[in-house]
Trainee: 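Got a structure for you, written out below as structure tokens; questions coming shortly.
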Amino acid sequence: MKIGLVGNPNVGKSTIFNALTGLHQHTGNWPGKTVTKASGYKKYKGINYLIEDLPGTYSLMAHSKEEEVTRDFIYNGDYDALIIVCDAVCLERNLNLVMQILEITNKVVVCINLMDEAKKKKINIDLNRLSEILKVPVVPATARSGKGLEEIMENLSKVVKNENSYFQIKYNEYLKEAIEELEIFIDNNELNKDVVCLNLLTNKKSTVGNYQKLYNDKIFLNKLSEVKNKLYKKGIKNEDIETLITEEIVAQASAIASKVVTFEKKDYQKRDRLIDKVVTHKIFSIPIMLLLLLFIFWITITGANAPSQILYDLFFSIEDDLTNILTYLHIPDSVNNMLVYGVYRVLAWVISVMLPPMAIFFPLFTLLEDLGYLPRIAFCLDKAFKKCASCGKQALTMAMGFGCNAVGVTGARIIDSPRERLMAILTNVFVPCNGRFPLLITMITMFLIAGGNSFTSSLVLTLFIVIGIMVTFLVTKILSKTLLKGVPSSFTLELPAYRRPQITKVIVRSIFDRTIFVLKRAICASAPAGLVIWLMANISIESESILQICANALDPFANLIGLDGVILMAFILAIPANEIVIPIIIMGYMSLGYLTDMNDLTALKDLFIQNGWTPLTAICVMLFSLMHWPCLTTLLTIKKETGSLKWTILAFLIPTVVGITICFLVTTIYNLIF
């Protein structure tokens, strides 16, 4: 049996999905969509269930790709039953979606989750009365502790046998008259006629399936136009119909909630509101956000050093063994060196440098998500983004970019407006991902902070990140006035209740959903890069390697922006993974044929100074690292998300032009002063 799992965001839907399906899950994309689908399997009393975890949505009046997936799934009816998950703490809001779905099918089990939180807040729900009103089973649950899951499965086997008996939402007299005039054109019972007529009135063609043929029927089109004109004469314009429908649904959801929900404490949200007064305060919110960012970076920096070194030692300790194995297999020395010192060494470098920071950062980020703080960040930054003709949801995608810009790009799916989604994608690279942290930290430690104090280094790193955020605002503003003109859209932003995060599930989810996903793509991009780097360093023309020839050719231009040819060449060759910029610079300066590292920062600083580095060079390297083309993984993700080569090329060019311009200005001003 195929079961759809649906609900508002932040109601514990994924917790129920994980609890029901356990490890019997797989992920992919919905057909024809870039939206990820999670499917899982459950066997209960001899029946096999396929459970589809649908993207969270507040309404079937979809405005984003995720909401479209959920809407289309429910309308198409390719399922045996649905589980609708609601939050017991804010049931009234959740009932909006429940009522819309019950207009389409009654093969539904309503799961009221988070009953433990409702109990703490002294909220009582008359579940039997609610079941009588909705005419479907209503099951209480506390998914975190596994309560209610058995009852959900027990009721599923019953509701799949239901014959369609639609829940009727009472619309106002004008809409009712319009429905009565149009329903004569609806010739079967696949969908509730009220739903079909309202979708035809609001031009939601994609939701009415077979009824699209009506748009080729002149009699119907004349009737539809006549009905809309009648509504217009009564003061209801086309764009008002959806609002009117929403108002009716909200009013009736409120009426139902008032019958079944009682509050022993009127101020049950007092604690959350007291916290919100501080964390969303117009003066304190930004400093709190920056301090939290500083704290996360400090933990990431200090915590990643030891595991990075362990991985580095492990991977590089088996290089000789790999060489010996290839020699034993009679692989020619040139191919042996290419595979070991080219492909393998780059892969080893990327994994050892990239994995530990991601394994620390992503769980911390997911903890903030589970705690309920990330929506507050979007709320605090909404006004700033609105001034740039964007919206606060871009702040969430920007925050995701700190872990990995590719994740930030996929995160832009939460933005409803295609224009604003593109702006978020094109500017995400201005916040540094984990791959750029090692370079930034090394520059800070060697040239800007004597002694390399980790807290001071984190503070300076945060200041550079603030520069990246300010550039994000500036470029977003420019895009909104040029390529992506438009006004900022309104959007629904829920401030969920603060909850105690589930540490174990957070760690598992962040590792499998984000860390391994990013690492896999980085490995795929790094392997061919290792081959190219080795070839360029080892193929010579008139006693000079191709790498050195290219670096010399780039030198005049690089000097204008405070760099040199070797540094610029390192950034170009490191497009698959930013982690290998410094090793390539060392290789170029030492004229080696393979990547190498220098653990002694004093020796590394001496090498850089011998090759003409100054504090200006370090600052320009940091600025260029902040603002240059995205890595190959991110570019491939942008191509996949936008489906456009044009936007992918622009995503490459925009940060590159910005980075070159800023480095040129800084170099020019520095040279004029000093």
Side-chain angles (χ1 to χ4, degrees), residues 28-30 32-36 64-66 350 354 388-390 393-394 396-398 400-436 468 471-472 474-486 514 517-529 532 568 571-581 624-662:
N29 279 354
W30 291 92
K33 299 276 185 180
T34 55
V35 179
T36 304
S64 69
K65 288 183 180 180
E66 280 79 1
V350 168
M354 190 178 189
C388 303
S390 186
K393 284 185 180 179
Q394 188 172 337
L396 295 180
T397 68
M398 187 171 68
M400 292 176 195
F402 286 118
C404 172
N405 295 130
V407 173
V409 168
T410 56
R413 296 171 188 170
I414 64 172
I415 300 174
D416 301 338
S417 162
R419 184 186 70 85
E420 289 167 7
R421 194 182 308 128
L422 270 172
M423 285 199 287
I425 288 171
L426 294 175
T427 58
N428 194 267
V429 73
F430 291 114
V431 292
C433 62
N434 271 315
R436 287 181 272 173
V471 172
T472 300
L474 177 63
V475 175
T476 301
K477 182 73 173 176
I478 293 169
L479 285 171
S480 71
K481 296 289 184 184
T482 53
L483 293 173
L484 296 167
K485 289 181 182 178
R514 289 175 176 162
F517 163 78
V518 174
L519 190 63
K520 187 168 67 175
R521 285 197 171 183
I523 288 171
C524 292
S526 300
V532 171
L568 191 54
F571 275 109
I572 292 169
L573 290 176
I575 190 170
N578 287 287
E579 289 84 355
I580 56 176
V581 170
F624 197 72
S625 178
L626 269 179
M627 291 163 275
H628 72 294
W629 48 83
C631 70
L632 190 58
T633 302
T634 304
L635 286 170
L636 291 172
T637 305
I638 291 169
K639 176 65 172 66
K640 187 177 179 184
E641 291 295 309
T642 62
S644 166
L645 184 60
K646 180 186 85 171
W647 293 117
T648 307
I649 292 170
L650 280 171
F652 179 94
L653 292 176
I654 289 169
T656 305
V657 170
V658 171
I660 289 170
T661 303
I662 289 177

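For the numbers below, each heavy atom of this structure counts, side chains included, while hydrogens, waters and symmetry mates do not.
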Trainee: To check you understand the geometry: which heavy-atom pair defines the closest contact between Ser480 and Arg419, and what is its length?
Mentor: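 Nearest heavy atoms, Ser480 then Arg419: CB-NH1, 4.0 Å.
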Trainee: So which atom in Ala389 and which in Met423 form the shortest heavy-atom distance, rounded to 0.1 Å?
Mentor: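 That closest heavy-atom pairing would be O-CE, 3.3 Å.
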Trainee: Do Gln394 and Thr427 get their side chains close enough for a donor-acceptor pair, meaning under 3.5 Å?
Mentor: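 Indeed, the side chains of Gln394 and Thr427 share at least one donor-acceptor pair under 3.5 Å.
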Trainee: Suppose we screen for ring-ring contact (aromatic ring centres under 6.0 Å, His included). Which residues come up paired with Phe430, at least two apart in sequence or across chains?
Mentor: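 Not a single residue meets the ring-ring contact (aromatic ring centres under 6.0 Å, His included) criterion with Phe430.
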Trainee: Check the pair Phe624 / Ile660 against side-chain contact (heavy atoms from CB on, under 4.5 Å), numbers first and verdict last.
Mentor: CA-CA 7 Å; Phe624 197 72; Ile660 289 170; 4.0 Å; yes
Trainee: What's the spacing between Leu422 CG and Leu484 CG if we round to 0.5 Å?
Mentor: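 Nearest 0.5 Å value for the CG-CG distance: 5.5 Å.
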Trainee: Can you tell me how far NZ of Lys393 sits from CZ of Arg413, rounded to the nearest 0.5 angstrom?
Mentor: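 NZ of Lys393 is found 14.5 Å from CZ of Arg413.
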Trainee: Would you say that Cys433 contacts Phe402 through its side chain, given a criterion of any heavy-atom pair below 4.5 Å between the two side chains?
Mentor: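 A side-chain contact is absent here, since even the closest heavy-atom pair is not under 4.5 Å.
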Trainee: Rounded to the nearest 0.5 Å, how far does CG of Leu650 lie from OG1 of Thr656?
Mentor: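 The OG1 atom of Thr656 sits 11.0 Å away from the CG atom of Leu650.
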Trainee: Taking side chain to side chain contact (heavy atoms under 4.5 Å, CB included) as the test, write out the residues that go with Leu635, two or more places apart.
Mentor: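 Ile575, Pro630, Thr648, Phe652.
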Trainee: For Cys631 and Pro576, which heavy atoms make the closest approach, and how far apart are they?
Mentor: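 So the two residues come closest at CB-O, 4.2 Å.
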Trainee: Would you sort out whether Leu479 and Leu426 count as a side-chain contact (heavy atoms from CB on, under 4.5 Å), showing the intermediate values?
Mentor: CA-CA 9 Å; Leu479 285 171; Leu426 294 175; 4.1 Å; yes
Trainee: Donor-acceptor pair, Asn428 side chain versus Thr397 backbone, under 3.5 Å?
Mentor: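 Present.
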Trainee: List the steps, then state whether side-chain contact (heavy atoms from CB on, under 4.5 Å) holds for Ile572 with Trp629.
Mentor: CA-CA 9 Å; Ile572 292 169; Trp629 48 83; 3.9 Å; yes
Trainee: Quick one: pull up NZ in Lys481 and CD1 in Ile478 and give me the separation to the nearest 0.5 Å.
Mentor: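 The distance works out to 11.5 Å.
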Trainee: Would you confirm whether Arg436, through its side chain, and Val431, through its main-chain N or O, come within 3.5 Å as a donor-acceptor pair?
Mentor: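 Yes; judged by distance alone, with no hydrogens or angles, the pair exists.
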Trainee: Please give me the minimum heavy-atom distance between Gly468 and Leu626, naming the atom from each residue.
Mentor: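 Closest approach of Gly468 to Leu626: N-CD1, 4.4 Å.
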Trainee: Looking at Met400 and Val407, what are the two nearest heavy atoms and their distance?
Mentor: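 Answer, listing the atom of Met400 first, then Val407: SD-O, 4.0 Å.
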Trainee: Find the distance between CG (Asn578) and CG (Asn405) and round it off to the nearest 0.5 Å.
Mentor: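 So the gap between those two atoms works out to 8.5 Å.
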Trainee: If we only count heavy atoms from C-beta on, is the Val429 to Thr634 side-chain gap below 4.5 Å?
Mentor: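 They are not in side-chain contact.
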